[in-house]
Visitor: 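Below you will find the structure I want to go over with you.
Model, not experiment: these values are computed from the prediction. Order of appearance sets the numbers: ligands from 1, and atoms from 1 within every ligand. These numbers come from the heavy atoms of this one structure, side chains and all, not from hydrogens, waters or symmetry mates.
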Amino acid sequence: AKQEQIRNFSIIAHIDHGKSTLADRILEVTGAITSREMKDQLLDSMELERERGITIKLNAVQLTYTAKDGKEYLMHLIDTPGHVDFTYEVSRSLAACEGALLVVDAAQGVEAQTLANVYLALDNDLEIIPVINKIDLPSADPERAKQEIEDVIGLPADDAVLASAKSGIGIEEILEQIVELVPAPTGDPDGPLQALIFDSHFDAYRGVMISLRVVQGTIKKGQKIRMMSTGAEYDIVELGVNTPAEEKRDMLIAGEVGWISGSIKNIQDVHVGDTVTAVDNPAPEALPGYRKMNPMVFCGLYPIDSARYNDLREALEKLQLSDSALEFEPETSQALGFGYRCGFLGLLHMEIIQERLEREFNLELLATAPSVVYHVNLTDGQQMIVDNPSKMPDPQRIQTIEEPYVKATIMSPADYIGPIMELCQKKRGDYINMDYIDNTRVRITYELPLGEIVYDFFDRLKSGTKGYASFDYELIGYKASKLVKMDIMLNGDRLDALAIIVHKDFAFDRGKVITEKLKDVIPRHQFEIPIQAALGGKIIARSTIKALRKNVLAKCYGGDISRKRKLLEKQKEGKKRMKSFGSVEVPQEAFMTVLSMD
Ligand code: GDP
Ligand code: MG
């Protein structure tokens, strides 16, 4: 392909504004797939993505499009996820592009993640092309959406394409604008090789598969390559592109996006963000990599079957290959045995990793309650980093505890200002300001402790605003708060995996809620089990699980066998996710009840 006829672009949008649907239509119009092969959201190939209707992993596809100027263009479309937890994936895709389609739902207008994605695109110097989508909806108001793009984002929107990804309106026009407005890649195809690794995954037969964007030079089959940060060297066995079917090629020139494989079995050799160069004529320096994303939420993951500890490690290593924001290190808990402390970008990220470990690697896991990272200033002048509440030092050694704070931006119809502010106050938020985006919509800014929003903030925001509010946040730093560790004791023993960090003013209420909830979640045993919440040595709340008297089956009056069997099965099912702590069996649910607010 001629370099001046290559166009590399991403699609960015707030979640549900239609990125994946638009990607589908673009694949169809360019003939990459026939409508017969088409299934909805084709690029969302992960089973989990299709089920949840969200994009988690980025995907790159090569297309050809014959434009009105009669020339054939080679395009690389990189789909990106829209959820706040996956910003990292978005910034990776954008680094491989020159342009971005900014999709805005004509009925919703500009949302919090629309803005967040625009900032990422601007950081990467991309040409941004606004597209107003869903104009087929009766509630669509394209003029208002345009006005918001101009007022809130500051992009000219007069020429924005009015599209319906669903009905296939405006797709050609979008492709023409890409040809016209997105700059062709530069970079000398004859220069020393520099290719940016933007993704990788593990293939059971071919080893590590690397997705890359060739920035300079040409990468060829059979070539000996070197990873610039690790120094590892490999021969390229195969290379190619996805159209979206995998197609092998002999070479990829500067500007192209594709994949390579080299029988790479050592996962540690490949780092997303690293530069691939050629061993004969290497580039003098690496491309700027990515900003390392620091995990914000940590939890312990323990295999139910402790014999599968090594399988869990292998599975985590494989997932980390395509998800460099995931961190893990070994951890032991008195209660749960051997497991891993894992770090995530947010709760959704945590949930997805957990589900993938269970589905793709057949692991049964027990997850402890998530925690943020605290900075603990000790009386001896040292600072400790604590990502596990049970590791909190003795109160006598603590001077202050600092917790992470975020600046949260909430966009919503003005009707919901009340509930939004109430929620933010309840979550210990500091009001910063509020402004009107237009006559009916507002933007509210709060500073909030991350520890308060990672749990159920988003769900509550959604339910409090009938789904209309959108939300984005960025970490702004650490602030000292009146925080204390709360221990939970079962049958008189401290259960380390249930310890949490709480604000002093809320400790009594939380203690009460948690001990009551645990009472309902932990099954009855042959003996009575006291549950206590304690701050230091002081018990602040308690409840009691009564001893089991009758067989559960006794509850089934009458002789309905199938009902009895069902009950037994249900009992067995519940058992699977239990760990015994001393003589008490604790189910998975118990570890999440410590997050309950009321
Ligand atoms: P993404 O989260 O941005 O990838 O959004 P999706 O492509 O998954 O679309 C979200 C929802 O909006 C799906 O139910 C789509 O069918 C729907 N949708 C996408 N584009 C259009 C459109 O142009 N018109 C209408 N009416 N619905 C659309
Ligand atoms: Mg999607």
Visitor: Which atoms of ligand 1 have any heavy atom of Asn133 under 4.0 Å away?
Guide: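 Numbered from 1, ligand 1 contributes 20 (N), 21 (C), 23 (O).
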Visitor: Whether the Tyr473 and Glu447 side chains hold a donor-acceptor pair (N or O, under 3.5 Å, no angle test) is what I'd like checked.
Guide: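 No, no side-chain donor-acceptor pair sits under 3.5 Å.
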Visitor: Give the contacting part of Ser164 toward ligand 1: side chain, backbone, both or neither, where contact means a heavy-atom distance below 4.0 Å.
Guide: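 The answer is both.
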Visitor: Do Arg249 and Gln62 have a side chain donor and acceptor closer than 3.5 Å?
Guide: yes
Visitor: Is the closest side-chain donor-acceptor distance between Ser164 and Asp136 under 3.5 Å?
Guide: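 A pair is found: one side chain offers a donor N or O, the other an acceptor, under 3.5 Å apart.
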Visitor: For Asp472 and Thr409, which I'm curious about, is there any donor-acceptor pair between the side chains at under 3.5 Å?
Guide: no
Visitor: Please say whether Ser167 places an N or O atom under 3.5 Å from an N or O atom belonging to ligand 1.
Guide: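 No; the residue has no nitrogen or oxygen that sits under 3.5 Å from a nitrogen or oxygen of the ligand.
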Visitor: Tell me whether Ala163 has any N or O atom under 3.5 angstrom from an N or O of ligand 1.
Guide: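 Between Ala163 and ligand 1 (N or O atoms, distance only) the closest approach is not under 3.5 Å.
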Visitor: If we only count N/O pairs under 3.5 Å, is Ala165 in contact with ligand 1?
Guide: yes
Visitor: With Ser470, which of Arg443, Glu111, Gln108 fulfils side-chain hydrogen bond (donor to acceptor under 3.5 Å, both in side chains)?
Guide: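 It is Glu111, the one option of Arg443, Glu111, Gln108 that forms the side-chain hydrogen bond (donor to acceptor under 3.5 Å, both in side chains) with Ser470.
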Visitor: Is the distance from the ring center of Tyr431 to that of Tyr446 below 6.0 Å?
Guide: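 Ring centroids of Tyr431 and Tyr446 are less than 6.0 Å from each other.
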Visitor: Within the 4.0 Å heavy-atom shell around Leu137, which atoms of ligand 1 are there?
Guide: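 Those of ligand 1 that fall under 4.0 Å from Leu137 are 26 (N).
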Visitor: Taking only heavy atoms of His17, which atoms of ligand 1 are found under 4.0 Å from at least one of them?
Guide: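 Close to His17: 3 (O).
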